[in-house]
Each structure stands twice: as C-alpha cells, then as structure tokens.
Amino acid sequence: MQEKYDHTATEKTAHQYWERTAAFKAVEDASKPKYYCLSMFPYPSGKLHMGHVRNYTIGDVLTRFHKMRGYNVMQPMGWDAFGLPAENAAIANKVPPAQWTDENIAYMKLQLKSLGFAIDWSRELATCKPDYYKWNQWLFLRMLEKGIAYKKTQTVNWDPVDQTVLANEQVIDGRGWRTGAVVEKREIPGYYLAITQYADELLNDLDTLDQWPERVRLMQANWIGKSTGVRFAFPHQIKDDAGALIDDGKLWVFTTRADTIMGVTFCAVAAEHPLATHAAQNNPELAAFIEKCKHGSVMEADMATMEKEGLPTGLFVTHPLTGEQIEVWVGNYVLMSYGDGAVMAVPAHDERDFGFAKKYNLPIKPVVMPGGLSLKTDATPVQPGEDASAIRPLEHLWAHSWNVGFGMHGELINSGKYNGLNYEQAIDAIAADLAAKGLGEKKVQWRLRDWGVSRQRYWGCPIPIIHCDDCGSVPVPDDQLPVVLPTDCVPDGSGNPLHKRPDFLNVACPCCGKPARRETDTMDTFVDSSWYYARFATPGNDQAMVDERVNYWLPVDQYIGGIEHAILHLLYSRFWTKVMGDLGLVSYREPFKRLLTQGMVLNHLFSRRSDKTGIEWFAPEEVVLQKDEAGRVTGATALRDGNPVDYGGFGTMSKSKRNGVDPQSMMEQYGADTARFFMMFAAPPEQTLEWSDAGIEGSYRFLKRIWAFGHVFATTIQPQLPGQRKLGNAKLPENLASLRREIHLLLKQANYDLGKQQFNTVASSTMKMLNALEKAPRLIDQNGGIAAEVIEEGLGILLRVLSPLTPHITHTLWAELGYAKSADESILDAAWPEPLDAALVQDEIELVLQILGKTRGSVKVPAGADNAAIEALAVVSEIAQKFMEGKPAKKVIVVPGRLVNIVV
RNA sequence: GCCCGGGUGGUGAAAUUGGUAGACACAAGGGACUUAAAAUCCCUCGGCGCAAGCUGUACGGGUUCAAGUCCCGUCCCGGGCACCA
C-alpha cells in the first residue's frame, strides 16, 4: 500500500466501488428490520453550504451504522425545487427558473456524491417535475371533495407597480423590495386547507412522538394553541344605517375565565370590529384611532412595546347575567384575527385589563378570592406576612395592583348566586345559565389557523382548477392530470408570467366544454415538502401517489434537519400524513418516528463600522487574529491594511456577513473524510458547532496517523500473524490483555454513545483506540504472533467503528490490509463489532478509595471479591490507614466495580 | 412577560445519569530531529503550593457516606412564543 495518505485517490477508489456495486440501493426485504433514514431535502440554491454538510453527515453516520448492524437501510435524497429564489435568479440572469434549478441540482448532486453519502440515488426526486407534483394536484382534488380544501378570500401584499403579490419578507418598511412602491393590502380569493379539522389529533398525537425533542413538541403544542373556555354574547340593540342589528344584536366574546364574568366592567373590541366601524362613523377621533391601530399592526417590532391604548365607542351592551349596561371600548390590544375580535374585560383578575382600567379610570370589581389567602373579618384577604389586624377594603387591595388576583383561581365573591363556588363549579354553573338563555356555551378555541396554500407565483405547482363563466371554479378531472407548468417562462418581476401564456391559460371547461381559463395560482412550496418522504418509498409508480411499499418503509425511522422547521414543515407533514391516512393511502398516522434537530454551524465574525459605508464585513481569511499569552482572542486586524477590525465572536455562517466556509474548497484541500470527521467530532449533533481551521487540521492529522498506522501494520505486523489464529478467548499475558481490554472498553463506550447519537464521543473513542494501538507494535518483540493478533483485532474494531464517520479511508484500509474476506466484500458488509466478555475480564480491579467521601486513592481487589472482602481489604490498605488516623470505620459503602467509601 | 435550554480550564468539549471533574482534541509553552523551516515525535498544561496537600464545575443555601449531576433561592447567557382573551 501507499505510504502517504492521499485523500483524493482514496475517495475516488471508494466512490468507484460503491457506484460499481450499487452499494446503497435499497430493496424491500421482509426478512430484515428496516431503517429509513432521512435528512431534510435541500433547496437547490446553487451549491452546498456547511449546514448541509453537517446535516447529511449525521444522517450518513446513522445510515451506515445501521447498515452494518444488519438493518435493511434506505437513505434517499431529493430536491425541494420550487420556490421564489429561482424566480429571483431568473429575473437577474434572464434564465428560466427550470434551467437554473436543473443546473443547480446537477452541481449539488456531484457535491453530495463527493462527500460519500450512502444515498440510494435511484429514488431521487425533484418537486418541480410533473411526475411528482401531479400527486400534489391529485391529493388537492381529493381534499376538495372531502371539504378539507376550500376557497375563501385572503389578504395579500400587492405591489401596484409590478402588479404582483409580495411575500411578507419582500415588503420592506411598507414598500415593495424591487419597486419601492407603497404596498397595498388586497383581498383576493385563494385556497385553504382545513388543518384545523385535525387540530385535536395533531395535538394529542404529540404524546406518541416520544423520540422527538421535547422542545419541538412544545413548540408545536403552543402553535396549535388549544384553549378551553366559554364563548358567550353580550346582547345589544345597536343598529347600522340600514336599520339592521349589527351582528344580529350580539357581541360575541371568548374567555377562559368564565368564572370572572360577574367582574366584567367593560368590553374591548378590535379596530376592525363591526361595532368599532359603526361607532367611528360619527366620531372622527375614534376613526383616526382605528386607522392608527390598523397601521400600527404592520410593524411587528413595535407591537411588543406598544402601550395599551383605547377609546370608548359610546356604545353599550347588556351583561348577559346581570343585565347591567357595559360600555364598549376599542382597544389596540384586541386582535381581530383571534376568536371573535372582542374580549370581556375583568380588570380585577387580568393584568392587561387592569392596566387598561387604571389608565382610563374604569371600574375594577374583584369577584374571585385567590386560593391560599385567608380572609379577615371585613372579608379582605390577609397577605402573606401581613398583620391580620390591618383592615383594608377589597378594592384598595386591587387598586394598589397587589398581584393577588391575576390568573389565579379561587372561590367566587361579589358574584350573587355564584358566591362560594370554586373555579370548575363556577364555570359549569355560568355556562349552563348562559346556555339556557341561548347566549353562550363551552367552546374550545385554537390558535392554529387553516393553511392558505395559494401563491400568486409562477415557479410552483399549478392548482388544478379551471374557471368557467358558467360553471364557476371547476376541478380539473383526474384524467387530465398533471396540469403541467410551462418550463420556458422567464419571469421579469412584473406579474405572473403565466398570464402571458395563452397555451396554458385557455382551456375548455371540463363541465360544459365552453372556453374557460386555467387557475394561474400555484401551491405553497410547503405542500411539496409535506409528503416527499412517502414518495421516496414508491419511486417510478406513475399510476398512484404511493403504493404498498410505502407501508414497508414508512414511517421514517430517523429524520434529521434544522430546528427552523420545528413548526411549519413538520406540522404540515403530520397533517398531510393524517389526510393520506384517512384516504386509505397509508396505514400510519405519524410520518417521523424519531427526530434529530442538528445545531447550526458558526464561524468568527469580523466587521468594521464606518460612517460612509455602514458596516463592512470581513471574511475570516482576510484578517489576522491577535491572541494574548493564554491563547485567547483579543482582537483582529485586516490583512489588507493592517488596521484593527471588530471581533464579533461566533455567529451563524451567512453570505451577508461573509463568514461562510465553502465546502468545496474544504474538500479539495482536506477531503471529504476530514470534513465529515471534524463535523462529528467538534460538537454533539444538536448543539451549535464552531468552525475552526485548527480543528480541521487536527482531524486531518488524525486521518494521516490512521493511514500511517495502517502502513506500519501492513509492513511489520501483518507478516507476524500466525497461520493458525488462536486469539478467541485465549488467556493473554497482562500487557496484551490490557491492550485488548482497553480496545474493547472503548468499543463498548462507542456503541453506547452511538445509541445516544452522541457522535463527538464516538470520534473521541476512535482517537483513543489509535493512541493505544500506536504504542502496541513493540509488544510483538516480547509476545510474537499473539501480539500481532491482538493488534489486528484492535485495528479491525477501530476501522469499523470509524467507518460511518470516514467511510473512504476505512473502505480502502479494510481492503488493503486484508480484512475483507473476498474481493467483492467491503467494510460495509462487515458485521458491526461487539465487545467480548472474554476481553473485558480482569483478575484484579481497581476501586476508588474514599475516606469520609473524599477521594484518597485507589485499592486493588480480586475481581470476584464480595463486598465484605472488599471492605476488609480497603480498611487495611495503606491509604486508608493513613487517612483514618487510627479511628475505627463506622460504616463502609461499597459500590461494586466502582468505589469504596469508609466513614469514620 | 411566559415557556424551554444552558452556565465546567486559554478554547471546543467529556464525565457510563449521584460515585476519581476536565477524557479526547485545539491553542499555548518546553524539548528532540533538522544547516534551517515545515512535517513528525516526546514532555508540561484549572488555581495555590518546593512538597505533603489544599482548593475548584456562575453565586448562596440544603439533602447525601458521596453533588457538575438532586432540591430551594439568586444572577447571567442562548433559543422559542406572545397584546391569545
């Protein structure tokens, strides 16, 4: 074998072998447990970034590990290929998005191949291809039939110059990003998917996802936002100009605290509420305020700090239980989009209402005595630590905003017939009374909204609808699917280019046959990514969305991706799965059994602030770091002018901050194995990873040492191997037994860590194995062939444990050093190593010796010794005698295999 | 504001879930080889101390034979959510 490590040659050899043997082709096989390992598919933006490399390396390590463990593994890859960046690139380069996308896919595929990922490329898919998106359209039509998809008007950002709809991120300070024109809000029709029909199941099934990170489940639960309460109405006689009762004479509100209804002193409605609109007609001040509220809501950042403001409408509604007249206010803190756009206000028990009431001098009426407080003779509560003789009226307590009531449950007071009831009793009684009057009932309110999927965009999956003047919006018949998107359009930024394509637009109505128009809206790209993992299981089927194979491979056993998809993508995919399940297409209810959210890749940030140009960012290779004598970074100077730049610590790699590292140049210089190893070694997978050039060098050094040891093995150890092997359970001389034990202990640790998906310590274990083996060759002089056998076994273990991380170098060494049993066998076919009990046993074990809980040293005891024997040995040991200072042992704690603690 | 994570050497981190804190690596310092440099190899490396030893996991308490790990309180850092009624 070659003496020096040549990563280019090594990687080429391995790639050719995998290609030639179709090593990663996955075929259904009922005789083996299956393992479907999936990394979130990339958007073909042009080239891979380090986040991709990290993501796919994690997936590949798991894939290869399971393959060697005997699982039937499948790791596919595809392209999330529709989306806005392709349109933007088209505008900039005057190239059709399809062409740009295809070119990017071709390049990125090469990059993925050069990283050596064990991907079954025969299952590759791109969401922009008709054979994929046909099934988006097909399922959309099924949803339409079941009432899960429906049409309603939606508000969009409209650029009046470009005549186009803008995504939220394309609106900058209220203006279009390209034209600078003031963006208008427009109401246009669009299609929605009723994800809220599945809200309950989506929430409840989170409990079954016990192999998901807790925080992701929490984020989803918050997003779904279930709250149970009572929806009820305040009757009124307020009429509009035509003389009709506004909202049928009922102001509906939702509350989770129906027990405090008797404490309502006013109501607040959103600026867009019909009552507000009505009241503003003859009230310029109110009209101005409402206008301000509507505009204010655009600026997200101000929302958080915004002061609670309001104005009275002068309108009154009737309290449904007391009959009192309740004034209606417009409040800037009431959202039209949540519930009914109106709230009851109970200042005594809600912090926000309280602040509002204090500001505008509205009455505060306490109706709940918080639990845990006792009452004084005048029925006021005693504060913890307060002198019980102090007499204060109830109102005084709240007027001083002593927070005894906000959000707390307790017994009702000041509430007439409900006095004395607790939280649950009060809600039941009040809900019953409201129901009897036809003015309310218990209700569950969700934060989750239906999913608007219409996008007024060209580069997406066409929505399969035809608009006919006579028949209305008609679904495209199944036999006319797919509705194919023309791929030769070049968007220029003004409007949807499909509008200029008569060949696409003009079509006969499927109902009546008259000329009609095709829908030009396309689907949200989240639709594309909501089921691609299922299609991977059934490649090549042009007759059905999925087939029986889907129930073999799915659910995905391990899904890996960024935390940024914790909510939308994962929630939509779960929803889509449930819909597919209800249509009888799949037999599982959750798509992803186990989820790993990998951390981001960070790098140093360098910048310089100048008055003229603002912030200028420096790439790490453009600066020189300054360090103090301890090696701590104290500052940096620019290479180009020698002047200082600001060091901003670590931040996520980004184009704009110029701190990204290009995987391509990395791989050319050091190779894929080094990149992969560093990624795995530098941090546990879920944590952020700090890029380090020195760390890369270190990983490279390790691989060079592995290779060098392989060379030593081939030249000096292998020739010593006896023809007849006798290692097995053989009794070895202590120096060999100890080396062998060390390797097997490290293997045990590595297997344990792999189970935990803690790959950084797996990498550590392989380094420790090499450290041990490098010292071993001299053992041959004393022990001959048997030592060579121990080393051979150790290196074989090391290569296999390392192989999921650095598959190329281990592939080559495995073959070159004679580990492969035949020419068509590679390390991938080797069984994963397991530690041998025979290698782990030892005659004597060393226990930690503590006196009074303080570690003082260690004591050697025979391996089989029982607690009493260990105790006896420990007490008479030299160290124990020294530290016990002649005092008798009061108690001795023996933790088998670990330590002895003597208490005196 | 609420909800999650975190806080361990100069740095990234480890500690088999209550049992020798700092494994493994990076950086730094010293040495060997070399005409020299690079590469490689060896040694040192939490703090104090010549040493025995003492001390040390953000801070203050507690439980325990034993606490980085568990409990209570405080202070920071990161992330998510939010006028959600």
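Heavy-atom basis, side chains included; hydrogens, waters and symmetry copies ignored. Chain letters run A, B, ... following the sequence lines, proteins first and then strands; every chain starts at 1.
- The residue among A:Arg705 and A:Gly695 whose nearest nucleotide of RNA chain B is located toward the 5' end is A:Gly695.
- A salt bridge between A:Asp207 and A:Arg217 is absent, with no side-chain N of the basic residue lying under 4.0 Å from a carboxylate O of the acidic one.
- In terms of position on RNA chain B, the residue among A:Ala342 and A:Thr688 whose nearest nucleotide sits closer to the 5' end is A:Thr688.
- Nucleotide B:A39 forms a pair with no other nucleotide shown, judged by Watson-Crick or G-U wobble geometry with both contacts under 3.5 Å.
- Atom pair A:Phe356:CZ and B:A85:P shows a separation of 18 Å (rounding to whole Å applied).
- Rounded to whole Å, the P atom of B:C48 lies 32 Å from the corresponding atom of B:C33.
- Distance check on atom C1': B:U34 versus B:G47 gives 38 Å, rounded to whole Å.
- Checking A:Tyr670 against A:His7 by side-chain atom types alone, no donor-acceptor pair falls below 3.5 Å.
- Separation of the P atoms belonging to B:G12 and B:G62 is 32 Å when rounded to the nearest angstrom.
- Listed nucleotides B:C3, B:A25, B:U16 differ in distance to A:Arg898; the shortest reach to its side chain belongs to B:U16.
- For the pair A:Ile851 CD1 and B:G53 P, the computed distance is 13 Å after rounding to whole Å.
- Nucleic acid contact for A:Arg352: base, since at least one base atom lies under 4.0 Å from a heavy atom of the residue.
- When both pairing distances are held under 3.5 Å, B:C81 makes a Watson-Crick or G-U pair with B:G1.
- The side chain of A:Ala694 lies closest to B:A27 when the candidates are B:A27, B:U20, B:G80.
- Using the Watson-Crick or G-U wobble rule with both distances under 3.5 Å, B:A14 pairs with nothing in any strand shown.
- Within 6.0 Å of atom NZ in A:Lys748, 12 or fewer heavy atoms from other residues, nucleotides or ligands are found, so the atom counts as exposed in its surroundings.
- Regarding the sugar-base torsion, B:G9 falls in the syn class, its angle being within 90° of 0.
- Side-chain atoms of A:Glu846 and A:Ser858 include a donor-acceptor pair closer than 3.5 Å.
- Here the side chain of A:Phe883 is nearest to one of B:G12, B:C4, B:G53, namely B:G53.
- Between A:Leu899 atom CG and B:A67 atom C1' there is a gap of 13 Å when expressed in whole angstrom units.
- One atom, CG of A:Asp693, and another, C1' of B:U11, lie 14 Å apart when rounded to the nearest Å.
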